[in-house]
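Below is one structure, written out as structure tokens; the observations come after it.
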There are 2 protein chains.
Amino acid sequence: MPRAGLNAAKVVEQAAELADEAGWDGLSLAGLASRCGVRLPSLYKHIASLDALRLEVSALGLRELTAALTSSVVGKSGSAALHAMADAYRTYALAHPGRYQATVSAPTGEHPGQDQAAVELFQLVKAALSAYGLSGDDAIDAVRALRATLHGFVHLETNHAFGLPTDVDRSYRRLVEGIDTAIAGWASNEQPSN
Amino acid sequence: MPRAGLNAAKVVEQAAELADEAGWDGLSLAGLASRCGVRLPSLYKHIASLDALRLEVSALGLRELTAALTSSVVGKSGSAALHAMADAYRTYALAHPGRYQATVSAPTGEHPGQDQAAVELFQLVKAALSAYGLSGDDAIDAVRALRATLHGFVHLETNHAFGLPTDVDRSYRRLVEGIDTAIAGWASNEQPSN
DNA sequence: ACCCATAGCTAATCAGAGTAGCTTTTGGGC
DNA sequence: GCCCAAAAGCTACTCTGATTAGCTATGGGT
């Protein structure tokens, strides 16, 4: 009986692909085992439990999302950075719906990698928005607003919640332009530099 | 052995309360049965399956959400209506997190009540935004933008995704003001009435 | 060639969803 | 008040998926 040659990293990667194909709720150890070519209990040589696996997939998604946003903003700032991040965000979420949902709805457990990845993502977005001249709670409001906007749209889109056939790309572009204008407006309230 | 006196409506209501307490993913027939004071198989006298029950809870949530938004906008239009709806939306979602999540992530099955409730909610929001003077695809973009914004914020909030202790109410208020400004700006592009 | 860490296995337990079929309550007609 | 059919509830069973226990065989390092 030849071995499958699994390890923890491969198992998590396969789980992420399964989640992308079958949905975050469709991620099961039974499905993962057959995809990996082993029997279900063999997975426990590489993971602690289904919940632990979900945390790993969540951390993987956060790391990948952070990497995608990071490379999207190099050399950009302000409005250009915001638009670039918005595009990269939606592109990643549509390409990897399972791991994207994992980044939001994973169990809020104690996983150092997951927490650290979330903090890094927050810092990245905050830095990218620094050109808007916000500080303190205003900067936090801006990060939250941008995150809520992008997440809301993408989450609804991946849940097929937009019933009408109207161009979804255009709706997204206008929404991003709107949030860009809104955050820029906050900045002028903060820094009356005229 | 006295009867519990259940019927389909009571079962769905109990399921909605259970979903609010245990989370949408924590909604199980086992938990529902013990909450209703009956054995698990007895539930099948009132529902067809767990998936069917989830559709019912989703439809209930959509109806309640539509009712809450409807009563929030009576006598208002434009910006006042938008702010009123935003407050009612978040209030409902925070008070009923389980059924709120059901409105988005229920199985996309064929449930006439669910579909109809979704259409009614869309029409309500579109009508409430009519004072912005948008038409055609612009109106659809506005409804999508508002929905994405409110949903994104509330979904992240109910998933405890805002790590920082910074005032969440204030972040929400500023986000709603931002989307109000953005949609108003679209309108001026459409109707150069000056 | 040997050894041991470990990848993988079978077998078993447990919980939850769903089905089959029986029993009992209950409300309406007489 | 009595009778009966519909419905409400039950027990027993099956099936699937997660998890644990314990056995076996592989294969890299010596």
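Bear in mind that the values here come from a model prediction, so they are computed numbers and not experimental data. Chain letters run A, B, ... following the sequence lines, proteins first, then strands; residues in each count from 1. All values below come from the heavy atoms of this structure, side chains included, with hydrogens, waters and symmetry mates left out.
- Within the model, atoms CZ of B:Arg173 and NE2 of B:His83 stand 9.0 Å from one another, a figure rounded to the nearest 0.5 Å.
- Using a 30° and 60° split on the angle between ring planes, A:His151 and A:Tyr100 fall in the tilted class, from 30° to 60°.
- Among residues two or more places apart in sequence or in another chain, the side chain to side chain contact (heavy atoms under 4.5 Å, CB included) test is passed with B:Ser130 by none.
- Side-chain atoms of B:Asp137 never come within 3.5 Å of backbone atoms of A:Thr166 as a donor-acceptor pair (strictly under, hydrogens ignored).
- A heavy atom lying under 4.0 Å from DNA chain C marks the following residues of residues 20-54 of chain A, by number: A:Val38, A:Arg39, A:Pro41, A:Ser42, A:Lys45, A:His46.
- Regarding B:Leu6, its CG atom lies at a distance of 14 Å from the C1' atom of C:dT25, rounded to whole Å.
- Stem analysis of DNA chain C (at least three stacked-register Watson-Crick or G-U pairs, each with both distances under 3.5 Å) gives C:1-30 with D:1-30.
- A donor-acceptor pair under 3.5 Å is formed between the side chain of A:Thr91 and the backbone N or O of A:Asp87.
- The six-membered or imidazole ring of B:Phe162 lies away from that of B:Tyr172, with a centre-to-centre distance of 6.0 Å or more.
- Atom CZ of A:Arg170 sits in a crowded spot, with more than 12 heavy atoms from other residues, nucleotides or ligands closer than 6.0 Å.
- Here the side chain of B:Asn159 pairs no donor or acceptor atom with the backbone of B:Ala161 at under 3.5 angstrom.
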